[in-house]
There are 2 protein chains.
Amino acid sequence: MRDALLLKYFMVKSSEFQHPQKSFNSSTHKGYNSFVLPYFLSNLYQRFSKNMTNTTLKKISEVLGFSISTISRALKNHPDISIKTKQKVIELALALDYEPNASAVQLRTRHSKIFGVMVPTISNFFYDSFIASVEEESRKQGFSLIILQSGDNIETENENLKLCRQNRVSGLFACLGSNTKDISGFLKMKEQDIKTIFFDKVPEIDGLNKVCMADTRAGEIAAETILRAKKKTVLAIFGNTNLSITKKRETAFCATFKSKNSKTKLLVEHASNSESARKIVSSWLNKKILIDTIFCMSDEILIGALKAIQEKGFSIPADISIIAISNGFIPGLYHPSITYVETSGYQLGKLAFTQMMACLAGSDTIPEQMVEAKLVNGGSI
Amino acid sequence: MRDALLLKYFMVKSSEFQHPQKSFNSSTHKGYNSFVLPYFLSNLYQRFSKNMTNTTLKKISEVLGFSISTISRALKNHPDISIKTKQKVIELALALDYEPNASAVQLRTRHSKIFGVMVPTISNFFYDSFIASVEEESRKQGFSLIILQSGDNIETENENLKLCRQNRVSGLFACLGSNTKDISGFLKMKEQDIKTIFFDKVPEIDGLNKVCMADTRAGEIAAETILRAKKKTVLAIFGNTNLSITKKRETAFCATFKSKNSKTKLLVEHASNSESARKIVSSWLNKKILIDTIFCMSDEILIGALKAIQEKGFSIPADISIIAISNGFIPGLYHPSITYVETSGYQLGKLAFTQMMACLAGSDTIPEQMVEAKLVNGGSI
DNA sequence: AGATAATTTGCAAACGTTTGCGAGATGCTT
DNA sequence: AAGCATCTCGCAAACGTTTGCAAATTATCT
């Protein structure tokens, strides 16, 4: 092992001795250096016989004969350090695969370059695209992501918050569990100066940073689309009534119906999951009332509704029309693909990230931000 | 802010002064202590006026008059420390919301209690259930997870590995990108003593820790199921041919067909994504050859195939049968639900996790482990 | 040449823990 | 009363960085 490293180093060395005058190129950090071999050798040996798995600033400093602080500054391209020195340092650091110890940096600088992300569950078309999006941006900016699932469980939620605090995350993206009422745990984050961006399911109190979907607008668009198509009897299915997301969508949807003063008949139902949505739709389709359109406020409900329709053998949109609010993935699985109002987790992620960066840069509290809703036409209505 | 903390502390204190003889209960860490107020007050004030956001061992030690090492040991329930002292320490730590600084612990102990997880993308029914599963177990064992997406991009993959090294993760769960040939980056992890468990798409060389789906068996089961149903003409669609997962499934599937020496006709195709699968199926359905069964080796392919079938207006299984290898989510979206051979990401996650724990406990390299495949009957064949 | 300025580098403290070792205090044995 | 074991606790070093400040060196200016 030690020999392997020495060998590796010498290979780098010897290749350079073949081009001793190669000039220093600051962009690639490769070049020529000229310290005395015997000294270097003895030191290198000494260091590596002690512990050869990790290269540290200290190790580099002992090999090169500079102090640790010089090495540190050289690697950060600090103006105090001369080009010649930087050249030597960077070269050796590269040869020895130096990689700064994140814990030490965190400890010293007090910021971790890590974000926490808490969602009820990761196995969800919406959250996973949100996370994917945030991860993408974070990586670009040199941040890592710690993912946490609350499982809609309040205790787990608090444990997760604790984990974030212990890891001194730089910021937290948080989606509340559906039954989380007490957000004191989240407020504690603020005390510790951990910036928190709430998304999707957000607390109702003011003074927090939140990003949301344009749920009200989404409800309106769906209703408008149905009315424009001059449908007669609409079955609208919404989710858990104590979620603000449900309230917003339902209120907007129903209000639009009333305001347009149409003769369209509206039937409203609530389903807690796919299966209950399936049953509801199934039972309505067996009644005498002729339903010509179904509106589903979420993917989960859409899945159930479609099953019921398929069971019944109805074809879309000939026998019945359907429209949903969705992320887009599920609607694309069927033929004809389902018309939906798009609420993109991916875009919400982008928005949340820019808001986080703004927070870290100093702006304290920013007014609630929204991702626009827009209609995506499939062939289902 | 400072006042708030003092107030909080005094509330805790005063509530205890009402029950001065409450006995020490080591399991709840609550109890009575009796140090002199004025001393405590002056110290507390002094400390908090300096920096009141974070409670540290030092702070507790100064308030209580014990050394830092005593505080540290007391909080870990070290036998050297007397019950009385532990009582005082734990009580104050609780009152001040002490939370150990993870960076400092990591730096000192050289293990981070963080696992890395690298997948091509997180937005995927299979990977997200894998991650969800690993996250669940990790949290139970006090580990956090850093999620990384390679996006099937080799550079990103290496960057991510670097991040893991810099964060000194305790272990890494890794799924190779589809075009990753050079795994030297992963071997470097081993040098740094970072245990790596490969899953799903694993390197072909030996001596590494891998967990896989029983892909060969899955292919066999699918083939056997089709033969048992006495189908005449089967269109089998596989994925990217240079993935070992494809090779295994295809080889097993085809071998089973041959070995049974049946008269069933087998047509083999390859599709790189959903859309190409849709086109392939679509064009076959338009030919004169009467295909009565379609086999799809993955969810992606299944989605495409089903679209083609729906477009054509065929009904399942009356006009055509279909069977897939899948995680189970997609097959459940249709009616009748699709019969599939289950390869559960969730179970794979559990397996990977136990293997990781075994690795950390010392066992060096464990023979490749598999998650069993089993048939889940829908109504599609 | 001497003084001053500019450049280059090193010293040492700090971040918050953990832990081997040793010291003082207490209790027990003969 | 002396010896010894046991119980508590503190000292100090270490983990790998970053950074204010001072020191040493070199260049520049009268």
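Quick note: numbers below take in every heavy atom, side chains included, and nothing from hydrogens, waters or symmetry partners. Order of the sequence lines fixes the chain letters, A, B, ..., with proteins taken first and strands second; residue numbering starts at 1 for each chain.
- A salt bridge is defined here as a Lys NZ or Arg NE, NH1 or NH2 lying under 4.0 Å from an Asp or Glu carboxylate O, and B:D97 with A:R165 fails to meet this definition.
- Separating the CG atom of A:N101 from the C1' atom of D:dG16 is a distance of 6 Å, rounded to the nearest angstrom.
- Residue side chain A:S69 reaches the base of C:dC11 through a donor-acceptor N/O pair under 3.5 Å, judged by distance alone.
- Using a 4.0 Å cut-off, some side-chain N or O of B:T85 falls inside it from OP1 or OP2 of D:dC9.
- Checked for salt-bridge contact, A:E137 and A:K140 meet the test: a charged N lies under 4.0 Å from a carboxylate O.
- A straight line from CD of A:E62 to P of C:dG10 spans 13 Å, rounded to a whole angstrom.
- Going from atom NZ of A:K58 over to atom P of C:dC11 covers 13 Å, rounded to whole Å.
- Nearer to the 5' terminus of DNA chain C, by closest-nucleotide assignment, is the contact made by B:L107 (compared with the other of B:R73 and B:L107).
- Taking atom CD1 on B:I68 and atom P on C:dG16, their separation rounds to 10 Å, with Å as the unit.
- Across C:dG16, C:dG10, D:dC15, the shortest atom-to-atom separation from the side chain of A:T70 is found for C:dG10.
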Trace of the side chain to side chain contact (heavy atoms under 4.5 Å, CB included) decision for B:Q355 with B:N209 = CA-CA 8 Å; B:Q355 177 139 353; B:N209 292 298; 3.4 Å; yes
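- Atom CD1 of A:I83 is separated from atom P of C:dT9 by 11 Å (rounded to the nearest Å).
- Regarding contacts with the backbone of D:dG16, a side-chain N or O of B:R110 is found under 4.0 angstrom from either OP1 or OP2.
- Atom CG in B:L57 sits 12.0 Å away from atom CG in B:L64 (nearest 0.5 Å).
- For B:D80 against D:dC7, no side-chain N or O and base N or O form a donor-acceptor pair under 3.5 Å.
- Checking D:dC9, D:dT19, C:dT9 against every side-chain atom of A:S72, the shortest atom distance belongs to D:dT19.
- Below the 3.5 angstrom threshold, one finds no donor paired with an acceptor across the side chain of A:R168 and the base of C:dG16.
- Remark: A:E159 does not engage A:K162 in a salt bridge, criterion side-chain N to carboxylate O under 4.0 Å.
- Between the NZ atom of A:K88 and the P atom of C:dT8 there is a distance of 13 Å, given to the nearest Å.
- B:Q166 places its CD atom 13 Å from the C1' atom of D:dG16, with the value rounded to the nearest Å.
- In the set C:dT17, D:dG10, D:dC9, the nucleotide with an atom closest to the side chain of B:S67 is D:dG10.
- With DNA chain D read from its 5' end, the first of the two nearest nucleotides for B:F66 and A:V105 is the one closest to B:F66.
- Here C:dT7 presents its P atom at 13 Å from NE2 of A:H78, a figure rounded to the nearest Å.
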